[in-house]
Protein chains: 4
Amino acid sequence: MVTQPARPAPDTTRRSERSRRAIYAAALALISEVGYPKTTIEGIAARAGVGKQTIYRWWGSKADVLLEAFLDLSAQAAEEAGASEQEPYAIPDTGDLAADIKAVLRATVDQLTDPRFEAPARALAAEGVVNEQVGREYMANLMEPSIQLYVDRLRSAQEAGQVRPGIDPRIALEFFISPLAQRWLQYTGPITYDYTDTLVDYALYGLAPR
Amino acid sequence: MVTQPARPAPDTTRRSERSRRAIYAAALALISEVGYPKTTIEGIAARAGVGKQTIYRWWGSKADVLLEAFLDLSAQAAEEAGASEQEPYAIPDTGDLAADIKAVLRATVDQLTDPRFEAPARALAAEGVVNEQVGREYMANLMEPSIQLYVDRLRSAQEAGQVRPGIDPRIALEFFISPLAQRWLQYTGPITYDYTDTLVDYALYGLAPR
Amino acid sequence: MVTQPARPAPDTTRRSERSRRAIYAAALALISEVGYPKTTIEGIAARAGVGKQTIYRWWGSKADVLLEAFLDLSAQAAEEAGASEQEPYAIPDTGDLAADIKAVLRATVDQLTDPRFEAPARALAAEGVVNEQVGREYMANLMEPSIQLYVDRLRSAQEAGQVRPGIDPRIALEFFISPLAQRWLQYTGPITYDYTDTLVDYALYGLAPR
Amino acid sequence: MVTQPARPAPDTTRRSERSRRAIYAAALALISEVGYPKTTIEGIAARAGVGKQTIYRWWGSKADVLLEAFLDLSAQAAEEAGASEQEPYAIPDTGDLAADIKAVLRATVDQLTDPRFEAPARALAAEGVVNEQVGREYMANLMEPSIQLYVDRLRSAQEAGQVRPGIDPRIALEFFISPLAQRWLQYTGPITYDYTDTLVDYALYGLAPR
DNA sequence: CAATAAACGAGACGGTACGTCCTGTCTTCAG
DNA sequence: CTGAAGACAGGACGTACCGTCTCGTTTATTG
């Protein structure tokens, strides 16, 4: 592996929290207002009232800034949501698999159409398509946690005999998530509660007659 | 709606076919070699031995050029493939729905991993995520035709009693396509024949025990 | 000597008079309206309702077009002026050298401040400063004739004993013309009748006391 | 007066002296080598090893760059010349007006034919003809100082009784300068010591017989 | 009086330069 | 030493013209 020119790593302890938050806010605002391609590092710096170097010191690229800003936003949102509940994030387990998953998917539909999330999420997803590293980080940090919840719920359903024993939960969950994701990413169809409900029904009981 | 400054539309009949082909070739080559973001209009023009204005005269953006270049590439590929067969593009109908769809998906896997298609397809998909217009054109021109084939095959299966009567084919087909698409786009998992075969089995017979 | 690619000389007899006049008019108008540097061959062609090639066929450069246009304008002006007189252009010879030259210079002042002539004349002069060929043609075609008139008048004065015998008229006339030219070209001072009258007096009788 | 979009004035104290000098050198070299019209800002930047923006940041146009570069060159030349003398710039006053002015004019002839000065001076003069602002700056910065010296010397001569009392020195000096300037600018005649000597004689003693 | 050949209008083409914008680095100064 | 500020070399943007090169379409003799 090639070792970099060894820019002496900046001292994290002296980092300005104020600047960091301002940069996150500016980045998210600009992405929503003018779109990802017209969002520039210079623009973020100006809007955040920050020197460009402060951005280059702590992040490697525009995508990095956005990724962290979005993670921060998600964490905040989670905190807000989690404040009221004990177990901040888990798919409910009422015993009725279909109902539980439908409920979660409806929440996902709400989030995908929330304008606060829409633009940055889309921008990140697009960058991730073209830039494998960003894609993998996006995956690992933003999607993997939710995916794990599906895996857990499906395993539990499997133990309860509601899902066939041979089924691989990591593949099965894609029937709920991927069609929705594709409709959202590629504008291939409308995103509604009806649609997600149908997805669950089709997936659980199959297309072939019983 | 605001009408643009209305640069008088160029005369299509006098367009240089030579330049058009050179531009397509240069665009596809550059995308594969240096990636979408580092592919510049200037670079395409230089590589194609063409003036920049010739690109700006006929296309509105880098994405437009790439879209057309890719459509052209696909059309060529289709022509090559179709030359040998009578019915150039249709899902086979042997009576065995599962086998037929597995075969088609295996072909799709091959295409998605063909390096000739990979980079430009990915670039276009990414642009389409962020730029709705490109997204819709990508959909309409590149994906819709194949999707229709699935719809037809599923309808035929429905008539043969191999698919439940109430099933909506436009939703059902997403079980085959979307998971594969998401794995490809977002690096969420490996793409293999085994995987697509499994998708078909799960989708047709459902997750719940029979 | 290298013989050019030998573009077959165009047939002058078939040349469109209509286009030629339109090009002259457009060139002069544009120079006056937007200045020399912003006057483009494309602009002249568009304004004249003429193809670019028609300009390139008959002229070698923007300066060439302007030079001919200006010559044409001058010829027209001369014709108009000459229509009323018998001897269209000559410095009057009343026997009073000072008065005669003052009269001619006053006419020159009028011309230099005529807005119809100002812009193109200035543009040509400027081009001539930097482009020796244009400079010499400008000289030969536009200034030499007038200069010859001064030479003649000064010779006649010499014969009449009003100018010292040893004086070289080609140098002497510069005392009348050059200061005026420089004030006009380089904005080094105002251009008035008073000024030119003074020039004549100083030049004829010298600066040193008599 | 309309105030411009007001790009915030750059900080002069942080300006790179290195770049400035490189730009002057590149500009003067290019003008001499390829002429004014083929000298481009892009070319200057490339030759100077400088970004284009660095030129646009500090100068408004090609003419501005050249003007300052030439002023700098003149200042340097003056410094070199002035290093040896006490009074760096003044027309000598030996009591013999004709001899003194002849000497200065001979020096001017030398400068006008010095290839180092020729091209840029000519380019500037041409631009000044067509662009009044440049013309006036050229005048004020490059010619006015020398002109003042003539005025002083003529005044002194007037006090000594060598020049008629009524003579206006600002007009009289044009007899020495303008004919020479015109010959140089417009290629209307050769520039020699003989010629300038003659100018002085004619101007001082007049054309009319004594 | 057609035939034909040149000039013509139009404008696409390969290029060059424009003036602007942004990148990522570097330097200066304040806290 | 961090951080705001911003100058710097570099390079792409999208536009405007350059001068060349077809295209049909006049137009004006010539056979």
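Computation of the quantities below employed the complete heavy-atom set of this structure, encompassing side-chain atoms and omitting hydrogens, waters and symmetry-equivalent molecules. A, B, ... follow the sequence lines: proteins, then strands. Residue 1 opens every chain.
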Exercise for the section: Report yes if a donor N or O on one partner sits less than 3.5 Å from an acceptor N or O on the other, where the partners are the side chain of D:Gln53 and the base of E:dC21; otherwise report no. Expected result: yes
Exercise for the section: Using only heavy-atom distances, decide whether a donor-acceptor pair under 3.5 angstrom links the side-chain of A:Glu42 to the base of E:dC21. Expected result: no
Should [X] be listed as having a side-chain N or O under 4.0 Å from OP1 or OP2 of [N]?
{"X": "A:Trp58", "N": "F:dG3", "answer": "yes"}
{"X": "B:Ser19", "N": "E:dG14", "answer": "yes"}
{"X": "C:Thr13", "N": "F:dA28", "answer": "no"}
{"X": "D:Thr54", "N": "F:dA9", "answer": "yes"}
{"X": "D:Arg14", "N": "F:dA5", "answer": "no"}
{"X": "A:Trp59", "N": "E:dG24", "answer": "no"}

Problem - Upstream residue (5' side of DNA chain E) when D:Thr40 and C:Gly49 are each assigned their closest nucleotide - result: C:Gly49
Exercise for the section: Between D:Lys52 and C:Ala48, just flag the one whose closest nucleotide in DNA chain E comes earlier from the 5' side. Expected result: C:Ala48
Exercise for the section: Report which part of the nucleic acid B:Arg15 touches: base, sugar-phosphate, or nothing (heavy-atom distance under 4.0 Å, all strands). Expected result: sugar-phosphate
Problem - Among E:dA12, F:dC8, E:dT23, the one nearest A:Ile41 by side-chain distance - result: E:dT23
Handout entry: Most 5' of C:Lys38 and D:Thr12 on DNA chain F, judged by nearest nucleotide
Key = D:Thr12
For [X] and [N], what is the distance between atoms [atom1] and [atom2] respectively, to the nearest whole Å?
{"X": "D:Tyr56", "N": "E:dG19", "atom1": "OH", "atom2": "P", "answer": "4 Å"}
{"X": "C:Arg20", "N": "E:dC8", "atom1": "CZ", "atom2": "C1'", "answer": "16 Å"}
{"X": "B:Lys62", "N": "F:dC13", "atom1": "NZ", "atom2": "C1'", "answer": "11 Å"}

Problem - Cation-aromatic face contact B:Arg15/B:Trp58, 6.0 Å, 45 degrees - result: yes
Completion exercise
side-chain contact (heavy atoms from CB on, under 4.5 Å) with C:Phe70: of C:Asp72, C:Leu67, C:Leu73, only one passes, and it is C:Leu73
